[in-house]
Asks: 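What follows is a structure written as structure tokens; I'll ask about it next.
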Amino acid sequence: MKKDIYIAKHAGFCAGVKRAYILTQQALEQKNKVAMLGPLVHNPQVVQSLNNQGVCVIDTVENACNETVVIRSHGVGPLVYELAAKKNIKIIDATCPFVKNLQEKAKLLQNNDYQVFIVGERNHPEVKAVSKHLQDCVTIVANASEIEDFSHQLQKVGVVVQTTQSRDNLINVLNQLVPQAKEIRVFNTICTATQLRQESAKDLAGKVDIMLVIGGKNSGNTKRLYEICLKENINTFHIEHSGEIDFNWFNKSKKVGITAGASTPAWIIKEVVDQVSEEINGHIQETEKMEDMLKKYDETMREFSTGDIIKGTIIQINDDGVLVDVGYKSEGFIPNKELSVQPVQNVNELFNIGDEVEVLVLKKENKEGEVLLSKKRVDAQKIWDELEQAIEDGKIMSAHVLEVVKGGLVADIGVRGFIPASQISNYYVEDLGEYTDQKLPVKVLEVNRRRNKVILSHRVILEQELAEKKVKLWEEIEVGQKREGIVRNVTDFGAFIDIGGIEGLLHISEISWSHIKHPSEVINKGDKVEVVILEINKEKQKISLGLKQVKGDPWDNITVKYAVGEVAEGTITKILAFGAFVKLEDGVEGLVHISQLSPRRVAKVEDIVQIGENVRVKIIDINPEERKIALSMKEVILDEERSEYEAYLQKEEGLTAPASETAHDETVAVDDSEKETEEE
């Protein structure tokens, strides 16, 4: 029966263990006498291999005798460093960066008066080392069942966790601890490599018939891998090497899964995979090839120099930066300020654990022993290359306007660029602030990498778009069409209207049906208006526009809107010697002759009315052909006087006014029969 073998995506040496192993190998290559302060890793085969190469194991630094002492990845307490310094013993500190982070976070909590809890194994060397850094003033709990019920409420509680613990165990402990604490602060110091290894092992165990977990029996992280896999698959077996395999396990299995703890080197994994494959005639189906795994975990120190651009994998994201595995004896570190050319608000939004990044080596080792890296500078170099190429290609790029400065705009285009005021628009822009925080399409005009100078233009794009619009618009426009436009300029004789790439002239005579002295009485620069195309001259590329035509000629239906004898309201617009003009509506004016201003004799028009005054007038004649309306204010006054007189007579005597006493040429008929009836 064919059997398939699956290897967990994340298995074997973690970055911290690999670093300790490489540092020890390098010390041996330099012909030094080397000793391990305790087993370098929790894997008997690795320890034996190093022992065979002459690396002895010592229990205390005081036992060192002319040896270079390697501090293993689990770390040690501060007393070890003090004793080594007193005895002039050379130290190679191979403490895992994740463990150092754990130690620093624990000290931070203690320095801020928190009662420190460590979630982990009490006798694990990593936990012991952290405890020593806190002068043993800590509470160590392995799991939630060890959280006692405190008789009084805890005040300030700080929690850190052994790097190889499971996230579920941490959560269970916190669920018990949180209700008993007045204030609690938690640092999740679990190694991201541990989390990835546990997640991939759990996922694989649920998909196969049998699961092998490879690693030292004294390895805490391997034990947890075994426990996690056992929950998912009852046919899970923990082995240290290929010699412990019982091939009867595979009799009824079609799918075989294999994972390994962080202290397990690739060569041990390869031995197991090869032997299983050979014995059960299995076929490796997926995940990493063994050749890649060997290269990834057992390679010697990667060679690179300051200024080199290399690739690495993100293994941890912290508040102050990102830790990267670059295949070197120590991890690389990208501080926040070197992560991106953009300001970083939240590192987790930019990167994920496992992301591959290209970085520039700033320093091979900083004071923490890490390789100092920059992603920002690699990105910037790429951006400069792209900008230079964009000039040749005429490529359109997107620039984010940051601020207004003297002479133009500062914009972010990956690096800081400048858009001169003359290159912002094809029209004069009075307030550049309207562009702040906008994203503008731009073309690159000039690049000077040495001076960090980039000149951009938004105008050239607008002009290109405008040219394309003009060609299309000249093909589409016709006399009589209505178009929306923007008032670009206002002059004494009219206004220039942009109707979508072409500017047309709106003469003052075409703005309003009423007489106006200046276009600004109706329109202003920047207004959006609807206009009618009156004339087109494609040869001279001139267009005449009309605004008043949009509403139509008010004289077209004048006799429908107004009738002789009707009283209307209007405004005095002009005073002449022979009378006054009254505006009834836009484009419609009538004349009140001087003789029609008042029932009394009028010497001067100004004695009766003033420009801008609102008056009531009676329409006495309409001539649509000549666009004339005759009006009378006198008739309105006489009509009102007659009405008042008739009302007075009816009230006092019950009589109507004699015909001779009513309006000038009108006759009032008196019905005597009705009068007699009323008297009776």
Side-chain angles (χ1 to χ4, degrees), residues 394 396 419-432 434-435 440-443 445 457-558 573-574 581 583 585-589 623-628:
I396 296 175
I419 310 175
S422 62
Q423 295 297 325
I424 293 171
S425 176
N426 49 350
Y427 294 103
Y428 172 72
V429 180
E430 188 170 348
D431 181 15
L432 297 182
E434 65 185 66
Y435 290 98
L440 299 178
V442 294
K443 281 194 174 182
L445 300 183
S457 174
H458 178 55
R459 176 180 174 178
V460 293
I461 295 175
L462 294 178
E463 289 177 341
Q464 182 179 340
E465 292 175 349
L466 188 61
E468 294 171 356
K469 284 182 179 179
K470 280 184 177 180
V471 172
K472 186 178 180 182
L473 191 57
W474 279 114
E475 295 173 353
E476 295 176 346
I477 57 173
E478 296 177 356
V479 172
Q481 279 183 348
K482 290 182 180 180
R483 291 270 178 176
E484 285 193 353
I486 298 175
V487 180
R488 294 299 185 190
N489 196 18
V490 177
T491 67
D492 292 339
F493 58 84
F496 290 94
I497 313 296
D498 181 351
I499 58 171
I502 301 175
E503 282 191 7
L505 174 62
L506 174 63
H507 193 268
I508 188 172
S509 63
E510 303 297 343
I511 292 176
S512 173
W513 291 108
S514 299
H515 174 74
I516 58 174
K517 292 182 179 180
H518 195 274
S520 59
E521 295 177 28
V522 179
I523 56 176
N524 293 290
K525 186 177 179 180
D527 287 351
K528 290 184 179 180
V529 293
E530 187 177 29
V531 292
V532 174
I533 297 175
L534 302 179
E535 284 185 50
I536 300 173
N537 188 329
K538 291 188 178 180
E539 291 182 0
K540 295 183 178 181
Q541 293 205 330
K542 291 184 177 180
I543 298 176
S544 296
L545 305 172
L547 179 64
K548 66 184 184 182
Q549 290 82 356
V550 174
K551 295 181 179 180
D553 189 344
W555 284 88
D556 288 346
N557 59 349
I558 196 70
T573 59
K574 189 186 300 182
F581 285 92
K583 178 181 176 182
E585 63 175 77
D586 187 20
V588 179
E589 289 188 351
N623 188 334
E625 290 75 19
E626 296 184 12
R627 303 170 77 92
K628 292 181 179 180

Asks: Can you confirm whether Pro519 sits close enough to Thr491 that some side-chain heavy atom of one is under 4.5 Å from a side-chain heavy atom of the other?
Replies: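 No - every pair of side-chain heavy atoms lies 4.5 Å or more apart.
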
Asks: Considering residues at least two apart in sequence or located in another chain, which fulfil the side-chain hydrogen bond (donor to acceptor under 3.5 Å, both in side chains) criterion with Asn623?
Replies: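 For Asn623 there are no side-chain hydrogen bond (donor to acceptor under 3.5 Å, both in side chains) partners, ignoring immediate neighbours.
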
Asks: Looking at residues at least two apart in the chain, or sitting in another chain, which of them share a side-chain hydrogen bond (donor to acceptor under 3.5 Å, both in side chains) with Thr573?
Replies: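 Residues passing side-chain hydrogen bond (donor to acceptor under 3.5 Å, both in side chains) with Thr573: Glu589.
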
Asks: Is there any side chain to side chain donor-acceptor pair (under 3.5 Å) pair reaching into residues 518-530, and which pairs are they, with sequence neighbours excluded?
Replies: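 Those involving residues 518-530 are Asp492-His518, His518-Ser520.
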
Asks: Mind checking salt bridge (Lys or Arg N to Asp or Glu O under 4.0 Å) for Lys470 and listing every partner two or more places apart, or none if nothing turns up?
Replies: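 Applying salt bridge (Lys or Arg N to Asp or Glu O under 4.0 Å) to Lys470 gives none.
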
Asks: Just do the side-chain contact (heavy atoms from CB on, under 4.5 Å) check on Tyr435 and Ile419 with the steps written out, would you?
Replies: CA-CA 11 Å; Tyr435 290 98; Ile419 310 175; over 6 Å; no

Asks: Name all pairs fulfilling the side chain to side chain donor-acceptor pair (under 3.5 Å) condition that reach into residues 535-545, sequence neighbours left out, sorted by first residue then second.
Replies: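 Those involving residues 535-545 do not exist here.
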
Asks: Tell me if a side-chain donor or acceptor on Arg459 pairs with a main-chain N or O of Ser422 at a distance below 3.5 Å.
Replies: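 Side chain of Arg459 to backbone of Ser422, a donor-acceptor pair under 3.5 Å: yes, one is there.
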
Asks: Which residue pairs satisfy the side chain to side chain donor-acceptor pair (under 3.5 Å) criterion with at least one member in residues 472-481, sequence neighbours excluded?
Replies: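 Applying side chain to side chain donor-acceptor pair (under 3.5 Å) to every pair that reaches into residues 472-481, excluding sequence neighbours, yields Gln481-Arg483.
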
Asks: Less than 4.5 Å apart, any side-chain heavy atom of His507 and any of Leu547?
Replies: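 When only atoms from C-beta onward are counted, Leu547 and His507 do not touch, as no gap falls below 4.5 Å.
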
Asks: Give a yes or no answer on whether the side chain of Trp513 reaches the backbone of Glu585 with a donor-acceptor pair at less than 3.5 Å.
Replies: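 Judged by distance alone, no pair lies under 3.5 Å.
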
Asks: Are more than 12 heavy atoms, taken from residues, nucleotides or ligands other than Glu430, located less than 6.0 Å from that residue's CD atom?
Replies: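 Result for CD/Glu430: open.
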
Asks: Quick check against the 3.5 Å criterion: does His458 have a side-chain atom that pairs as donor or acceptor with the backbone of Ser425?
Replies: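 Checked: no pair found.
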
